[in-house]
Amino acid sequence: MPHTTDFKSLFRNHIAQLSSGYAAALHATGWDAVVIHSGTLPKRSQFDDQYGSLRAVPHFQQWLPLAEPDCALVIVPGRQPVLHRLEAFSFWEAPAPLDAPHVWPQFDVHGVHRAEDVRAFLPAGRVAWIGEDRVRAASWGLEDAAQNPPALLRHLDALRVHKSAYEIACLAEANRRAMPGHNALRDAFANGDASELELHLAYLKATQQDDPETPYKNIVAIGPNAATLHHIAYGRSPTGAGSLLVDAGATCWGYASDITRTWTRGAGDAAGLFAALVDGVDRLQQQLCADVRVGLPYEELHEQAHRYITAVLRELGIFRCSADEALAHKFSRTFLPHGLGHSLGLQVHDVGCALVPPKADNPWLRNTSVIAPRQVFTIEPGVYFINALLAPLRQGPHAALIDWQRVDALVPFGGVRIEDDLVVRDQGVRNLTRDLQETAEP
Ligand code: GLY
């Protein structure tokens with residue numbers, strides 16, 4: 001738990017800001033009120049009688065980090081938000097208690113025995129509904145046209161782009177919670193030969209999270225597995241390989257961190273070359289963080305990442321031509337196929353920053369916004385040796401401009417990615433991953 005951050009007053013201000021944002025969104029889209037459903041427990045499959053744990057609807061979570069099914073949050077402009085909370089007793093399962101005393105003073109909490117009972121307490125007028133379970137919406141008398149109205153959703157997504165001070169404090173805490181996991185895996189990799197599964201379990205232990213609490217499935221990739229960008233099929237045996245890529249985060253009251261580190265070990269020319277590459281990507285990642293400016297299109301940073309990576313690959317002798325020629329042939333696209341980063345918040349790939357499509361060269365870029373204060377996003381350049389992407393280059397007309405001996409020496413290391421979470425300030429940025437101080441200003 002955080003010690004010094006005043007979550008109580010930050011949360012009070014967050015709810016005040018959210019209330020005015022919702023009032024404006026409802027007014028602009030012609031609704032009098034909105035009811036947000038927390039969600040229903042997900043069934044493992046329609047042929048199974050077992051249920052998973054609830055990841056609440058993000059609109060609900062922005063108000064309240066409560067992972068209880070069938071709650072209804074009713075927002076009427078000018079009134080205190082009302083939370084209708086199910087009081088049903090089940091001897092099969094019970095939700096984890098919410099360890100967030102700061103939230104309760106902001107809500108009028110009303111218990112209901114059955115989810116259907118909420119219908120009797122809905123406000124009059126034009127009421128919109130947000131949620132996933134349309135059967136539940138219908139049971140509350142909310143017709144199709146009131147369910148997830150696209151214009152309202154667009155306004156509400158925009159409220160998630162510029163984070164409140166409370167949200168930034170949660171994102172900072174999620175970064176602090178992840179760091180013992182990354183440190184534990186760095187040390188375990190340097191001092192032993194654990195399998196990917198053992199390292200994944202060690203991360204959970206060090207961060208004191210259960211698997212469903214992590215913001216996304218931990219990516220733990222040893223050696224060539226790092227060439228699979230989202231490697232989660234953990235190997236059961238140690239391999240002795242010379243690289244480890246860990247892309248893993250933590251959560252704080254629904255808000256996520258998303259952090260990647262790549263570690264190296266071993267001696268010899270290939271290990272030395274890969275270590276130099278990791279060092280180069282780490283340095284260019286920090287340069288990209290320093291390049292962040294209010295008003296700059298994020299896609300311009302992505303293009304800059306390609307220029308920096310081209311320079312590093314040339315320095316390491318992988319490109320045998322000038323940086324300009326390598327850029328003209330778009331060689332770096334083979335080695336960095338993903339986008340430089342994405343917006344971060346309640347969702348790991350958060351909403352509101354990819355409203356326009358990226359350029360054709362950047363099909364996987366998930367942030368095409370213009371950088372603005374209080375945005376939170378990742379900066380995560382990488383270089384990978386992915387055989388399926390290397391093959392066309394190897395067989396193409398410019399193959400002679402690549403040192404394939406060096407590339408082949410690096411294939412067993414899979415790749416490198418370095419990722420931090422940044423919050424944009426009016427002036428400059430704060431790197432939430434490298435600046436872990438609790439006392440730092442948002
Ligand atoms: N870190 C996982 C992802 O961004 O998809």
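Counting starts at 1 for both ligands and their atoms, following the listed order.
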Is it the case that ligand 1 has an N or O less than 3.5 angstrom from some N or O of His342?
yes
N/O to N/O below 3.5 Å, does that happen between Glu380 and ligand 1?
no
Tell me the protein heavy atom at minimum distance from atom 3 (C) of ligand 1, and give that distance in Å.
His349 NE2, 3.2 Å
Show me which atoms of ligand 1 lie under 4.0 Å from any heavy atom of Asp247.
1 (N), 2 (C)
When you check the side-chain N and O atoms of Gln285 and Glu419, is any donor under 3.5 Å from an acceptor?
no
Under a 3.5 Å threshold, yes or no: a donor from one side chain and an acceptor from the other, between Asp258 and Thr378?
no
Pair Asn362-Arg333, side-chain donor/acceptor within less than 3.5 Å
yes
Close-contact set for ligand 1 against His230 heavy atoms, below 4.0 Å:
2 (C), 3 (C), 5 (O)
Checking side-chain polar atoms at under 3.5 Å, does Tyr384 have a donor or acceptor matched by the opposite partner on His338?
yes
Just need the protein heavy atom nearest to atom 1 (N) of ligand 1, so name the residue and atom and give the distance.
Asp258 OD1, 2.8 Å
Angle between ring planes, His14 versus Tyr166, binned at 30° and 60°: parallel, tilted or perpendicular?
tilted
